Amino acid sequence: MLLSYPSSLRIHHSAFRTLVMPELPEVETVARDLRPLLVGRTITAVTRSKLKLRNPWWPAGEKAYLIGQRVLAIHRRAKYLRVELTGGGCLLVHLGMTGQFTVVPASAPTETHTHFVFELDDGKQLRFRDARRFGSVELHASDTAAAATLDSQLGWEPNDIDPVEFTTGVRSSKRALKARLLDQTFVAGIGNIYADESLFRAKIHPETRGVKVSIAGCDVLRIAIQQVIAKAIESRGSTIRDYVGGSGLRGGFQHEFAVYGRTGEACVSCATTIQVIRVAGRSSHFCPKCQRKK
DNA sequence: CTGTAATCCTGCGAGC
DNA sequence: TGCTCGCAGGATTACA
């Protein structure tokens, strides 16, 4: 269903006041920022808010377990972060839509919606803040097991897509490609922004069915995904309002959007007016001339 | 197999 | 000016 022009305009204006959910490039930026601040540090105290995050899993005695643990490494898989600890366990973190995972001086004022504070041995604090609480922070007893579970539930990292299997996977599905790109069990880490940007780069309409894409088209799409993700990581992700990296710095990729949030504006390639439709329950921005439906 | 929609949640702008 | 309303969406689940 195509929204009317006034509706499109309304959505366009609302797009830039909306929080941007952290997708793979944002989470990767957080991981890179956190590593120098966190690896080698020891947790000396833990405080939690009473509010429930999405699907939190914490074994009994978590504070006793955590205190004295040193951070061995920070890993990223798709949109998940694992803070690996010396005891063999890890903190498994998902930023949801509005999550912020930062290291700040202990003297920094505690902002609203701060759900976890991990005090560190250098006088700083690792904090998890999440206004909408779509994110999660879980303590797992085994980092290896947590990593294996993620691997069993998630598809390829974008930079590690198997070209042949990707092509087969795309062409064996009747689903709209937009829905397919959001499916974390196929390619993991893509969210609404980078799905739209990848489809624009590949010149594929978001509603195009996988079966309709040529073998060459699959190659174009795979490379488009990889280039969009790589460029976004270079720009430290996209900040519209709230997303920040692990050191609190904002991203810059929002200045490079070709279609996302640009409803009613001119296509960067052909100047045709960018449109928005709903696909897979998500707003999907595209150029009707560059991305013709097949 | 496919899609749709509700669920969790808060912030914010539009409109009255 | 202050209220209500609708919308934004990641992951999951229920249902058509």
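In this text the structure is predicted, and so the values were computed from the model without any measurement.
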May I ask you to evaluate whether [X] reaches the phosphate of [N], defined as a side-chain N or O under 4.0 Å from OP1 or OP2?
X	N	value
S283(A)	dC7(C)	no
H113(A)	dG11(B)	yes
H94(A)	dA11(C)	yes
Q184(A)	dA11(C)	yes
K79(A)	dA11(C)	yes

Separation of atom [atom1] in [X] from atom [atom2] in [N], rounded to whole Å:
X	N	atom1	atom2	result
N192(A)	dA11(C)	CG	P	11 Å
L53(A)	dA11(C)	CG	P	15 Å
Q100(A)	dG11(B)	CD	P	12 Å
D130(A)	dA8(C)	CG	P	19 Å
E23(A)	dA8(C)	CD	C1'	13 Å
I193(A)	dA8(C)	CD1	P	14 Å
I277(A)	dA8(C)	CD1	P	14 Å
D183(A)	dA11(C)	CG	P	10 Å

Charged N-O contact under 4.0 Å between E197(A) and K231(A) | no
Sequence neighbours excluded - ring-ring contact (aromatic ring centres under 6.0 Å, His included) pairs with any residue from residues 188-237 of chain A | Y194(A)-F253(A), H205(A)-F286(A)
Ignoring hydrogens and angles, write down the donor-acceptor pairs under 3.5 Å from the side chains of residues 68-76 of chain A, residues two or more places apart or on other chains.
residue, atom, partner, partner atom, Å
Q69(A), OE1, G87(A), N, 2.8
Q69(A), NE2, Y65(A), O, 3.2
H75(A), NE2, E84(A), OE1, 2.7
R76(A), NE, E28(A), OE1, 2.6
R76(A), NH1, A78(A), O, 3.0
R76(A), NH1, E157(A), OE1, 2.8
R76(A), NH2, E157(A), OE1, 2.9

Side-chain donor-acceptor pairs under 3.5 Å in residues 116-123 of chain A, sequence neighbours left out?
residue, atom, partner, partner atom, Å
D121(A), OD1, R41(A), NE, 2.6
D121(A), OD1, T42(A), N, 3.3
D121(A), OD2, T42(A), N, 3.4
D122(A), OD1, K124(A), N, 3.0

Under 4.5 Å between any side-chain heavy atoms of I274(A) and C287(A), yes or no?
-> yes
Which residues satisfy the ring-ring contact (aromatic ring centres under 6.0 Å, His included) test with H140(A), sequence neighbours excluded?
-> W57(A)
Set of ring-ring contact (aromatic ring centres under 6.0 Å, His included) partners for F186(A), sequence neighbours left out | W156(A), F166(A)
Remaining members of hydrophobic cluster (4.5 Å side-chain criterion), L182(A) = none
Which letter, B, S or -, goes with each nucleotide of nucleotides 1-8 of chain B from 5' to 3', with contact meaning a protein heavy atom under 4.0 Å?
-> -SS----B
Rounding to the nearest 10°, end axes of the helix from dT2(B)-dA16(C) to dC16(B)-dG2(C) built from five pairs each make an angle of 60°
Sorted by chain and number, sequence neighbours left out, side chain to side chain donor-acceptor pair (under 3.5 Å) with T208(A) holds for none
